[in-house]
Amino acid sequence: VFDDITERKRREANLALLAEIAEDFARLASETEIMHSIGARLAKHLRLDGFNFSEFNEQFDAATIKYSWNAADVPQLEGTFRHSDFHRTEEFNHAMRAGETWVVSDAQSDERLDGQAAAAIGVGAFIVVPFHRRGKWQGSFTATSRRAREWTDDEIALIQEVSNRTFPRLERARAEAALLESEARFRSVFFSNMVAMGIWEKNGGIVEANDALLGLLGYSRQDMEAGEIKWNLLTPPDYLHLDAQALAEIAETGRCAPFE
């Protein structure tokens, strides 16, 4: 009965952790914020000493730690490492390519590892969950303990679950950051007024224009904001068929060939 109650409480605690992580995913925006929060929560829950995400370049046997959380008294893992400096066989790489979780309970006695190399970075035990993108091993999450420990099936499953939920969230955060950066670059060019530029709608409305375009057309920004500028009314009747052709191309392919 005691074991059943303990198991139930552990499941409930794990579910509560996953719910908190889901809230973090919704609340936080950057990869750094997400990793710091997830690492701290998981470390507290499982008594970990470190949690990091690394990207791997198999051609150069190079793993670069992109984001990490470490206990205050544990060496900060950062930079680029070679897996071959720690793993004595190809077994680790085979497991990562196959999408299999790698579990080490005692880095000093595990014959697959270089115990001294692990000790130098303050790692006594660890779990690695691989990350695949388009079917290819691209990186991994690693949970570490400074001392040897026997990982339970429940702990391994939880680390796998958290990792598998975090992978796509980090990808989304990276895409969102790239989009914001791209939009900032576009707006910088747009409002530099080097070229007359505008953003229009299919119904004829111009929703944004830079000063270069407004000056070329002879309208003010107030005219634009009042909806008084209509690109389809600016087009001479003899050229309306070209507008229709361009709109058809956009509807079919998402773009149209430039024309004058």
Side-chain angles (χ1 to χ4, degrees), residues 1-56 63-74 76-78 95-96 98-105 122-135 137-181:
V1 174
F2 177 78
D3 288 342
D4 289 343
I5 294 175
T6 301
E7 178 65 24
R8 177 166 55 83
K9 288 185 176 180
R10 187 161 51 241
R11 286 198 304 270
E12 291 173 351
N14 289 350
L15 290 174
L17 173 70
L18 293 175
E20 292 171 350
I21 288 175
E23 292 178 359
D24 288 343
F25 285 168
R27 178 175 56 87
L28 302 175
S30 75
E31 296 171 274
T32 301
E33 290 175 325
I34 291 168
M35 278 300 299
H36 180 79
S37 178
I38 302 311
R41 288 190 185 281
L42 193 59
K44 180 180 179 180
H45 188 77
L46 294 179
R47 295 173 289 108
L48 300 176
D49 293 308
F51 185 66
N52 66 70
F53 172 63
S54 61
E55 293 183 341
F56 183 61
T64 300
I65 295 178
K66 304 294 291 185
Y67 311 99
S68 66
W69 179 93
N70 291 85
D73 56 345
V74 173
Q76 181 76 18
L77 293 181
E78 56 187 5
M96 294 296 100
E100 299 171 356
T101 299
W102 184 260
V103 180
V104 173
S105 296
V123 174
F126 59 93
I127 295 175
V128 184
V129 182
F131 163 54
H132 283 213
R133 184 189 294 117
R134 292 185 289 276
W137 173 33
Q138 297 288 328
S140 61
F141 275 111
T142 304
T144 65
S145 170
R146 75 186 81 186
R147 299 181 182 85
R149 65 184 283 178
E150 288 296 327
W151 303 98
T152 67
D153 291 342
D154 181 73
E155 291 171 335
I156 296 170
L158 181 60
I159 291 172
Q160 289 173 323
E161 182 66 23
V162 170
S163 298
N164 290 331
R165 292 187 182 201
T166 305
F167 287 136
R169 183 61 186 91
L170 290 181
E171 290 277 276
R172 196 176 90 201
R174 182 174 297 179
E176 290 168 349
L179 178 60
L180 288 174
E181 182 179 351

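This is a predicted model, so every value here is computed, not measured.
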Inset, instruction - Could you give me the CA-CA distance, side-chain angles and deciding distance for L17 and L42, then say whether side-chain contact (heavy atoms from CB on, under 4.5 Å) is met? - result: CA-CA 8 Å; L17 173 70; L42 193 59; 3.9 Å; yes

Inset, instruction - Begin with the C-alpha distance, continue with both residues' side-chain angles, and end with the deciding distance and a verdict on side-chain contact (heavy atoms from CB on, under 4.5 Å) for L28 and M35. - result: CA-CA 10 Å; L28 302 175; M35 278 300 299; over 6 Å; no

Inset, instruction - Could you go through the side-chain contact (heavy atoms from CB on, under 4.5 Å) check for D24 and E33 one step at a time? - result: CA-CA 9 Å; D24 288 343; E33 290 175 325; over 6 Å; no

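A donor-acceptor distance shorter than 3.5 angstrom exists from the side chain of R169 to the backbone of F25, with no hydrogens or angles considered. In this structure, the side chain of N52 does not engage the main chain of I65 through any donor-acceptor pair within 3.5 Å. Using modelled atom types, one side-chain atom of T144 and one backbone atom of G50 make a donor-acceptor pair closer than 3.5 Å. Here the side chain of T166 pairs a donor or acceptor atom with the backbone of V162 at under 3.5 angstrom.
A pairwise comparison of heavy atoms in A148 and A125 identifies CA-CB, 4.1 Å as the closest pair. Between F51 and G39 the shortest heavy-atom distance is CD2-CA, 3.7 Å. Among all heavy-atom pairs drawn from F141 and S163, the shortest one is CB-OG, 3.4 Å. Pairing each heavy atom of P130 with each of S140, the nearest pair is CA-CB, 4.0 Å.
From R8, atom CZ reaches atom OG1 of T6 across 9.5 Å, with rounding to the nearest 0.5 Å. Of the inter-residue distances, the one linking L15 atom CG with E161 atom CD reads 9.5 Å to the nearest 0.5 angstrom. Annotation: the span from R41 atom CZ to E23 atom CD amounts to 7.5 Å, rounded to 0.5 Å. Expressed to the nearest 0.5 Å, how far OG1 of T101 lies from CH2 of W151 amounts to 12.0 Å. Atom OG1 of residue T152 and atom CG of residue L46 lie 8.0 Å apart, to the nearest 0.5 angstrom. Interatomic distance, S30 OG to E176 CD, rounded to the nearest 0.5 Å: 10.5 Å.
Salt-bridge annotation for E7 and R10: present, with a side-chain N of the basic residue lying under 4.0 Å from a carboxylate O of the acidic one. In this structure, K66 does not pair ionically with E31, as no charged nitrogen and carboxylate oxygen lie closer than 4.0 Å.
Between Y67 and F53, the ring-plane angle classifies as parallel under the 30° and 60° cut-offs.
Other residues, nucleotides and ligands contribute more than 12 heavy atoms inside 6.0 Å of the CZ atom of R174. The number of heavy atoms from other shown groups lying within 6.0 Å of NE2 (H132) is above 12. Heavy atoms from other residues, nucleotides or ligands lying under 6.0 Å from CZ of R47 number 12 at most. Other residues, nucleotides and ligands contribute over 12 non-hydrogen atoms within 6.0 Å of the CD atom of E12.
Looking only at side-chain heavy atoms (C-beta outward), L158 and L18 come within less than 4.5 Å of each other. Side-chain contact between E100 and W102: absent, with no pair of heavy atoms (C-beta onward) separated by less than 4.5 Å. Between N70 and R146 there is no side-chain heavy-atom pair separated by less than 4.5 Å.
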